[in-house]
Structure formats: structure tokens, C-alpha cells
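Take a look at the structure set out below.
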Amino acid sequence: MSKAAHFQKPENISIDPHRMGFEFNSDELPRDWLFNSPMLTTWIESLSILFPEGEQFFVDTVRYYRDQIDDPEIQKQISGFIGQEAMHSLEHKTFNSYMKEKNLPSDELDAFVGGLLGSVRKVLPKRMQLAGTCALEHITAMLANMLLEEENGEVRDNMHELMRPLWMWHAIEETEHKGVCYDLYQHVGGNYAERTFALILATSILATVLAYYHTRMQYRNGTLFKVKDVLWGLNKLYGRRGIVTKLIPEWLTYFRPGFHPWANDNSNLVERWKDEILSHQAEKYQRAKKVSKLHAA
Ligand SMILES: [Fe+2]
Ligand SMILES: [Fe+2]
């Protein structure tokens, strides 16, 4: 198989960035906007805090290697990946600022992850950093699939309608570009031992940081000792049929020697949701897109 043949994505998938221009208004958005639960809401809010610095790290690791790619189609996919992650950072920064207004420690925790990733940049070799990005992209693709899937859409269905577009848009684009980093990693000589070790390492660090953030967020939220909600939330996340527990089989597929992100072709989910979610794009960005299309014509 030629190296280029590794770069496979379904033809119905395009990797285009979209600036959405989301705004979050505390008069309209209830505080407990996921499952009406402080525990679940602060859990997903903790994830949001990780995105701006985390996604900048992803972009940097991919940029470092992109010069090694000659194929213009692959270069286009990498540009799409970088553009999408940059937009995710921007939109989540807006939401993280909203949390700061709510007196949650989003700024402080954002700075913490920036420091942590600064150390990772210094300590780990470049290709290991890229392997780490691939591993975290596998995890984000799993979370994205969980949000988009038709049958088990309980997280999506229990999310307040004002928050759903942000997370669904992010999930759609994570699905669209889920193969890009992995294909690049294979192209620059990545190997099974390194990538699977990176998954274990990245998952351990993510789980530890997320648990710390979640605890801090709940504490500041004044809900850390709401025992009933905390126990309910723990079961909802990590119980036998918990949101995180149900992701384990997909997490394990990364250990298959022939793994590829698109082995699970869920492009139908992108088709199912994309138009509906893009209708939430702020008018000024829809207009900007139409003008640039007109100039291109
Ligand atoms: Fe992203
Ligand atoms: Fe991503």
C-alpha cells in the first residue's frame, strides 16, 4: 500500500472550518444545563476548559510535520484540520469567558493546562507529541460519536437547547477530521508501540486532569457536597451503563494493529446533523461566507 493510501476519508466528508459566533447569555441559559445536574454540567464544562490550549497543542504538533507531505490533497486536509481546531478554540474561549463571569475558575484552569502542555512540549520528542495528539483525537472522536449517534443520544437530548449547537458543531467537525492526524502520524513513520503507549499515557493524564478540574469546578459551584447529585452523576458517568463506561469498547479498538479512525465510518451522522447545526451560525459569518463564495466564482 502506498503511503498516500493511508490517507483515507469518505468522499462525502469535507473538512472546512466554520466560525460560528456563539454567544452565551446567562439570563437564558440555566445553570445546570446538562441533565439538570450540577455534577454533569461541571463535568462537560471542565472538558470545555481543556479545549483552547489543548487544541492549540494539536495544531502545533501537526504543523511541525506538515512540510513532510507533498500531496496537495493531504495538505488541504491538514489546512482544514488546523482551521477547524482554531475555530473550536475561539468558540470555547467565548464559553469559558461566560463561565468566568459565573465566578467559575475557567481562567485559572486554562492557565494550568497551558503550563502542563508547555512541559509536555519540552520533555517529549516531537513524534511522541504527535502520537499524543492522535490518541486525544481518538478520544474526542469517541465523544463526538456519542453525541451524534441516533440511538444513544441521551447526552444530546439532555443538553439545554442553547448549548447543543456548540457541542454538536464541535462533534461534527471532530468527526470530519478524525483521520487527519492519524494519517499524518503513519506517514511520518509512526508505529504501533508508540501510538498505543501514547493512548495509555494521554488517557491517564486526561483522566487525572479532568478529575482535578471537575472537583475544582464543583467546589466553586458550591455543589461538591450535594451528595445525591454527586452519586447520581458518578453512576451516570462511570456506572455499569455510564456515559464514559460505554465508550471503553471503542477506546480499545485503538489497540487493533490495523486500526484506522475511519474503520468506524460514521459519516452518515455528519450528514444527518450538519445542515441543522450550521443553521445556528451567526448571521455575520454566514454573510462573510456568501461574499467570499461570490468573489471565488
Ligand atoms: Fe476540536
Ligand atoms: Fe480534533
Side-chain angles (χ1 to χ4, degrees), residues 7-10 13-22 44-66 74 76-96 106 110 113-114 117 120 129-148 155-156 163-186 190 195 198-199 202-203 205-206 209-210 247 250-251 254 259-262 264 266-267 269-270 273-274 277-278 280-281:
F7 295 86
Q8 42 188 286
K9 72 169 176 59
I13 289 291
S14 58
I15 307 174
D16 301 314
H18 298 90
R19 180 74 162 107
M20 295 298 283
F22 291 124
I44 203 164
E45 286 176 343
S46 301
L47 271 179
S48 178
I49 296 171
L50 290 169
F51 287 137
E53 286 288 349
E55 296 189 310
Q56 184 59 50
F57 176 83
F58 297 174
V59 166
D60 292 344
T61 57
V62 166
R63 260 204 193 118
Y64 182 83
Y65 281 104
R66 77 176 299 180
I74 308 310
K76 200 173 139 204
Q77 287 189 30
I78 291 173
S79 296
F81 169 87
I82 290 172
Q84 287 189 333
E85 295 295 27
M87 293 302 114
H88 302 168
S89 284
L90 280 179
E91 301 289 348
H92 278 274
K93 266 184 193 164
T94 307
F95 179 60
N96 296 350
S106 49
D110 174 62
V113 77
L117 290 171
V120 168
Q129 293 183 36
L130 185 65
T133 298
C134 292
L136 291 163
E137 282 285 284
H138 177 54
I139 293 172
T140 49
M142 282 161 38
L143 290 165
N145 185 70
M146 177 268 289
L147 266 179
L148 299 176
V155 176
R156 175 183 70 243
M163 284 307 297
R164 206 178 292 135
L166 168 70
W167 293 89
M168 292 291 282
W169 159 76
H170 197 161
I172 287 166
E173 296 197 349
E174 285 305 321
T175 305
E176 287 175 338
H177 72 227
K178 67 177 177 173
V180 176
C181 182
Y182 189 85
D183 286 340
L184 176 64
Y185 175 70
Q186 295 297 333
R195 75 170 173 83
L199 181 67
T203 307
I205 295 173
L206 176 66
V209 172
L210 195 56
L247 295 176
E250 205 181 335
W251 183 83
Y254 204 73
F259 169 85
H260 188 278
W262 281 112
N264 170 24
N266 57 353
S267 55
L269 297 178
V270 173
W273 293 107
K274 194 166 178 177
I277 296 304
L278 284 184
H280 292 274
Q281 193 175 31

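Order of listing sets the numbers, starting from 1, for every ligand and every atom in it.
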For the Fe ion (ligand 1), find the closest N/O/S atom on [X] and give its atom name.
| X | value |
| --- | --- |
| H88 | ND1 |
| H170 | NE2 |
| E55 | OE2 |

- [ ] Look at the N, O or S atoms of E174, main chain and side chain alike, and state whether any lies under 2.8 Å from the Fe ion (ligand 1).
- [x]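 Short answer: yes, at least one N, O or S atom is under the cut-off.
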TODO: Return the minimal non-hydrogen interatomic distance between C181 and L130, and the atom names on each side.
DONE: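 Reported closest heavy-atom pair: SG-CD1, 3.8 Å.
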Task: Set of salt bridge (Lys or Arg N to Asp or Glu O under 4.0 Å) partners for E55, sequence neighbours left out - done: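 E55: no salt bridge (Lys or Arg N to Asp or Glu O under 4.0 Å) contacts found.
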Open item on the list: So, using salt bridge (Lys or Arg N to Asp or Glu O under 4.0 Å) as the criterion, who are the partners of E176 when residues are at least two apart?
Closed with: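 So E176 forms a salt bridge (Lys or Arg N to Asp or Glu O under 4.0 Å) with K274.
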Task: Single hit among W251, Y185, Y182 for ring-ring contact (aromatic ring centres under 6.0 Å, His included) with F259 - done: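 Testing F259 for a ring-ring contact (aromatic ring centres under 6.0 Å, His included) against W251, Y185, Y182 leaves exactly one candidate, Y182.
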Task: Presence of N, O or S from C181 under 2.8 Å of the Fe ion (ligand 2) - done: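 No - counting backbone and side chain alike, C181 has no N, O or S atom under 2.8 Å.
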- [ ] Angle at the Fe ion (ligand 2): provide the value between OE1 of E137 and OE2 of E85, rounding to 10 degrees.
- [x]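 OE1 of E137 and OE2 of E85 make an angle of 110° at the Fe ion (ligand 2), to the nearest 10°.
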Task: Pair N266, K178: side-chain N/O donor-acceptor within cut-off below 3.5 Å - done: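 Note: N266 and K178 side chains meet the donor-acceptor criterion.
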